[in-house]
Structure formats: structure tokens, C-alpha cells
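Reading through the C-alpha cells given below for one structure.
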Amino acid sequence: MTDELWTLAEAVEAAVREVGGKLAAARPAEPTPARTLDEAAARFAESDGPAAAELRERLTARYPQAGWLSEEFEGSVPDAGEWWVCDATDGAVQYLLGQPHWAVTATLVRDGVAVLAVVHAPELFGAGRTYRAVLGGGAQLDGRPIAPLERDLAATVAATSQPPGIADDPVALRRAGESLSAMAGSVLAVRNLGPTALQVAQVGSGHLALFWEYGADAGNLLPGALIASEAGATVTDAAGAAWTVGSDSFLAAAPGLHADALGVLRAIG
């Protein structure tokens, strides 16, 4: 089964790269001149809509037995069956601002569990970077196996983000603020480097040492969580329990760092 998934992952990567290349080529080099949220959404839809449609067409043709859930799906992933969870432009804000920190993501979920994930950042480091992983088969960056790097907490660059709907979740909003203060006082630096999936994947390759978040955000977390865990990172919720698509918090860290990071988050309650 792992070999079959890797074969499928190669086809998924090809589709994701094609869509990402078109998005990168179509985007002006300067920030999008949108003054309001509605204007920004309209400009984004002009590129994201066709890209999402093409990605769906390509993946459905390659693996038609899987259903389709948009990245913005509400609720949990179905417990039964196979589903694609994809985002043609993960990191819409960065994309519209002309920044390189955005990605195209595709995840195959089987019976509620991610079994294949591809995260492609077309403009990262100039030539672009591509993460991929299959359940039980490890994780790769640009075709090479990856693993997290251990660091002392005080020497760590940590990353975080917030789900799109966090303003509607007062508990998650409070914990996000309190955890930012707590973590900033414990690590070398805290950054938000764009799309959630890409940042979590970067924990798997050692480009970041840890990533945490509060609030339900399964669509954004699924691909990175599989890549990070298959690379060897420890992935849980902020209380140390196993992370699932229904969890309301998330933590991924190098194994030797995870307990220290967990201690910081547990202290905020």
C-alpha cells in the first residue's frame, strides 16, 4: 500500500506543481492594489478560482474514488471513505502582497486520517520547494528524506498562526495571545511565516523547530501534520494528547524539544 501511495504522490506533486506554476506566472510582482476586504477577496478569486478548479479536475481524474472537501470545509472530515482536502493558494494574504510565502496543498484523507500530502511553495527560495509524505513511508523535501533538528528551547525559532475564524472563538483567541507572550519569553524568536501547512512541514525539515496554534484548523493543518510526523517530529495538541482533525489546538516539534514546548503551553491553562 505504501508503494501505491508513493506512486500516487508523484502524480499529485505533478498536478500541484503545474497549478502552482500558473499561479506564480499570473501574479503581478507588486502588491495587489485592494483597499477593502471585499476588493481583496475579488482579486484573489480571479486567480484562485480557476486554479482550484484545475487542481480538482486533475486529482479527480487521477484518483476518482476520493470525494472532495474544500480547504474551507466546516466541521470534521468524514470518518469513512476517501477525500481530497486541497488549497490551491494557501497563504492568500502573502500571495496578494507579492510575498513568496504561499503554497499549493493537496491531502488524501482515508477514514478520517491523512495518508498522503503534498505541499508545494512555488516561489520559496527562488526555485520553489516541495514537501511530500505518505503514511508509514516517511517524508521528503524535493525528493530527499527529511528529519527535524533538535535545539535547546532558548535557541529555537518558533512559529505560530491563527485559524481564519479565531475571532469567533474567544477561548482560542485568548489562548493564542497568552501563548504568544509565554513562548516569546522562552525561545529565541517567534515568527509567522505564512501558510500553516508550510510552516508545519518546515518543522519536519528542521527549518523551524516548533509550530503551535489554537483553534480548530483541520483543513490547514492536515498536510503539514502528516509531513512533520512522518519526518519524525512529535505532533500533538497543546495538552499533549494525540492531534486529530477534531482537535482545538496543535503542537509540532522536534522530539527532544516537544516536552519543553508543551510545558510552556500548559502553563497558560
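On a predicted model such as this, the values are computed, not experimentally measured, just so you know. Sequential numbering from 1 along the given sequence is applied to the chain's residues.
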Using the test ring-ring contact (aromatic ring centres under 6.0 Å, His included), find all partners of Trp243 that sit at least two apart in sequence or belong to another chain.
Phe250
For a 4.5 angstrom cut-off between non-hydrogen side-chain atoms, does [X] reach [Y]?
X: His101; Y: Gln199; result: no
X: Arg132; Y: Glu10; result: yes
X: Tyr63; Y: Val12; result: no
X: Asn220; Y: Pro195; result: no
X: Arg27; Y: Tyr95; result: yes
X: Leu69; Y: Pro78; result: yes

Which atom pairs, donor and acceptor, lie under 3.5 Å between side-chain atoms of residues 153-164 and protein residues at least two apart or in another chain?
| from | atom 1 | to | atom 2 | distance (Å) |
| --- | --- | --- | --- | --- |
| Thr156 | OG1 | Asp152 | O | 2.9 |
| Thr160 | OG1 | Trp212 | O | 2.7 |

Which atom pair, heavy atoms only, marks the closest approach of [X] to [Y]?
X: Gly20; Y: Val104; answer: CA-CG2, 3.7 Å
X: Asp169; Y: Gly215; answer: OD2-CA, 4.5 Å
X: Leu257; Y: Ala209; answer: CD2-CB, 3.6 Å

Under 4.5 Å between side-chain heavy atoms, hopping through other hydrophobics if needed: is there a path connecting Val171 to Ile166?
no
Is a donor on one side and an acceptor on the other found under 3.5 Å between the side chain of [X] and the backbone of [Y]?
X: Asp142; Y: Thr130; answer: yes
X: Tyr214; Y: Ser179; answer: no
X: Arg151; Y: Gly206; answer: yes
X: Asn192; Y: Gly194; answer: yes
X: Gln140; Y: Ala133; answer: no
X: Glu150; Y: Gly256; answer: yes
X: Thr36; Y: Glu39; answer: yes

Residues Arg175 and Ser249: side-chain donor-acceptor under 3.5 angstrom:
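Looking only at side-chain atoms, Ser249 and Arg175 do not form any donor-acceptor pair under 3.5 Å.
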Start with the C-alpha gap between Thr32 and Glu46, add the side-chain angles, then the distance that decides, and say whether side-chain contact (heavy atoms from CB on, under 4.5 Å) holds.
CA-CA 12 Å; Thr32 300; Glu46 293 174 1; over 6 Å; no
Nearest 0.5 Å, please: how far is [atom2] in [Y] from [atom1] in [X]?
X: Leu226; Y: Leu221; atom1: CG; atom2: CG; answer: 12.5 Å
X: Asp260; Y: Leu265; atom1: CG; atom2: CG; answer: 11.0 Å
X: Leu108; Y: Leu116; atom1: CG; atom2: CG; answer: 6.0 Å

Evaluate whether atom CD of Gln65 has more than 12 neighbouring non-hydrogen atoms of other residues, nucleotides or ligands under 6.0 angstrom away.
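Correct, the count exceeds 12.
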Looking at Glu57, I'd like to know if its CD atom is crowded, meaning that more than 12 non-hydrogen atoms belonging to other residues, nucleotides or ligands lie closer than 6.0 Å.
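No, the 6.0 Å shell around CD holds no more than 12 heavy atoms from other groups.
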Side-chain heavy atoms under 4.5 Å apart, restricted to Ile/Leu/Val/Met/Phe/Trp/Tyr: what other residues fall into the cluster of Leu124, or is it alone?
Val119, Phe125, Tyr131, Leu141, Ile146, Leu198, Ile227
